[in-house]
There are 2 protein chains.
Amino acid sequence: MDEAMRVGDEETATPRNGPRNGPRTRAGEANEERILDAALDAFASRGYHGARIDAIAAAAGLSKPNLLYYFKTKDALYLAVLRRTLELWLEPLRELDEARDPRAALEAYVARKLAYSRDLPSASKLFALEILQGAPLLGRVLDGPLKALVDEKTAILRGWIAAGRLAPVDPHTLIFAIWATTQHYADFSSQVAAVTGRTLADEGFFEETREGLVRLLLDGAMPRG
Amino acid sequence: MDEAMRVGDEETATPRNGPRNGPRTRAGEANEERILDAALDAFASRGYHGARIDAIAAAAGLSKPNLLYYFKTKDALYLAVLRRTLELWLEPLRELDEARDPRAALEAYVARKLAYSRDLPSASKLFALEILQGAPLLGRVLDGPLKALVDEKTAILRGWIAAGRLAPVDPHTLIFAIWATTQHYADFSSQVAAVTGRTLADEGFFEETREGLVRLLLDGAMPRG
DNA sequence: GTCTATAAGCGGATAGAC
DNA sequence: GTCTATCCGCTTATAGAC
């Protein structure tokens, strides 16, 4: 993997996510989308090195050379997948709203993140794999935009704590706990399925889990009173 | 990767973890240990396909053919690493003790798991990678020994709930939440470091995190009273 | 047990016709 | 834009001397 070009380096990156800058047809656009979808699944379930471009091409209904017409290298394809998924990944935290009631705001955030784990498990796994391996390509996103966003939101949490509207929990610990618990159901779905026999696709399990996480994170496991 | 032989299939597996059944010297034992240590780091940080056996050999201070004298194939080496780490991984949950006070027992479990994330981050990452990719080799461990262990412990939690010593939280949700939050600091250490600037190796951060997780999981984020 | 040298095969990437 | 055929480097694994 060419680590010289990272996701954060928008200047040095290909201007468009796509492979070429010239004119493109609607059929070409559609192919690109299908390739990116197939690549997301492949990279998420097998990792960068484990993914095979001929398998991605087959899943997208193209030949291997034809895929490489759209994305010149495996690296470029991986980068394009990462970029396309990035905004989606950062977005839920952005919605954490100072103006709302703390309980309602945190409940909504947990629900949003858990729905993301249900609806886009491959995206969650892709970022998990990338970060697990030291975030070679996402590094600058983590200590740039992500850190800035987290700083902004921890300030909101601190304000709530100062106002007595939130218990004096460490804001980073709380945010990490919400990420970890909700993403767990996507990233470790095979383990969750092995232990419980259920997945988030099961609507009842989703609702029980959402309710259970909210109760646990907001009210704790010890009896109140 | 040869998926025909899984970690759970002890019958069909090599009798010893090592490569040969015959006599082995103390130097040979030491080499095996060094290989397994190097292999754990490599597989955890680069994944099965990304790990290179010549790099593992170099890290262990041997030539590549010499490593292959100890472990005939890359697959056998990966399997041996997974087996050696398995017991260590299952052990903390075993210690969750019905006889103890629920609060003390859960505090101890969180502390144990967090210390594991600090002391053996590669082991945590290795299992995370394996489970993330669908647990091709650990599958039978998850729905066998792990499920049995979890069933046993959820029964304890249910007992505590029935006795009013624990709030009515779903036992699976609680166990998953403890796993997810504590393992997060090992598996996503690069993200934690990017956002907070600290790691569990920092004793102050470890203690704050342990305290913070215990407070959050046991007492919740909302003010009591 | 350990090495140097080499075989064997896979998988990313290219050539070039259509 | 899409394909068939092919190249070539890289990595696992083996041969065989020491």
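The chains referred to below are lettered A, B, ... by the order of the sequence lines, with proteins before strands, and numbering in each begins at 1.
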_Rounded to whole Å, please give me the gap between CG in A:Leu77 and C1' in C:dG12._
12 Å

*How is A:Ala57 classified with respect to the nucleic acid when contacts are heavy atoms under 4.0 Å: base, sugar-phosphate, or nothing?*
nothing

*Do any N or O atoms from the side chain of A:Ser117 and from the backbone of A:Thr182 form a donor-acceptor pair under 3.5 angstrom?*
yes

*For atom CZ of B:Phe71 and atom P of D:dT14, their distance in whole Å*: 15 Å

_If I take atom OH in residue B:Tyr78 and atom P in nucleotide D:dT12, what distance separates them, rounded to the nearest angstrom?_
15 Å

*A:His184 side, atom NE2; B:Gln183 side, atom CD - distance, nearest 0.5 Å*: 7.0 Å

_Nucleotide C:dG1, atom C1' - distance to CG of B:Asn31 in whole Å_ = 9 Å

_Going by the rule side-chain hydrogen bond (donor to acceptor under 3.5 Å, both in side chains), which residues pair with B:Arg210 if we only count those two or more places apart in sequence or in a different chain?_
B:Glu207

*Closest to the B:Asp54 side chain: C:dC3, D:dT12, D:dT4?*
D:dT12

_Under 4.0 Å protein heavy-atom contact, by nucleotide of nucleotides 13-18 of chain C - B base, S sugar-phosphate only_ = BB----

*asked:* Whole angstroms only, please: what is the CD-P distance between B:Glu32 and C:dT2?
replied: 11 Å

*What's the NE2-C1' distance between B:His49 and D:dC10, to the nearest Å?*
16 Å

*Which part of the nucleic acid, if any, lies within reach of B:Ala55 when heavy atoms closer than 4.0 Å are counted: base, sugar-phosphate only, or nothing?*
nothing

*Respond yes when some side-chain nitrogen or oxygen of A:Asn66 is under 4.0 Å from OP1 or OP2 of D:dG1, and no when none is.*
no

*Is the shortest side-chain N/O distance from A:Ser63 to OP1 or OP2 of D:dT2 below 4.0 Å?*
no

*Check for a donor-acceptor pair, side chain of A:Glu130 on one end and backbone N or O of A:Leu137 on the other, with a separation under 3.5 Å.*
yes

*With sequence neighbours excluded, give me every side-chain hydrogen bond (donor to acceptor under 3.5 Å, both in side chains) pair touching residues 186-197 of chain A.*
A:Ser124-A:Asp187

Nucleotide N/O of nucleotides 7-10 of chain C paired with protein N/O under 3.5 Å:
none

*Mind checking what makes side-chain hydrogen bond (donor to acceptor under 3.5 Å, both in side chains) contact with A:Asp202, not counting sequence neighbours?*
A:Arg198

*asked:* Rounded to whole Å, how long is the line connecting atom OH of A:Tyr69 with atom C1' of D:dT2?
replied: 10 Å

*Return the orientation label for the A:Phe176 and A:Trp179 ring planes: parallel under 30°, perpendicular over 60°, tilted otherwise.*
tilted

*asked:* Main chain of A:Ile178, side chain of A:Lys113: is a donor-acceptor contact present, judged purely on distance under 3.5 Å?
replied: no

*Which residue pairs satisfy the ring pair (Phe, Tyr, Trp, His ring centres under 6.0 Å) criterion with at least one member in residues 124-143 of chain B, sequence neighbours excluded?*
B:Trp89-B:Phe127

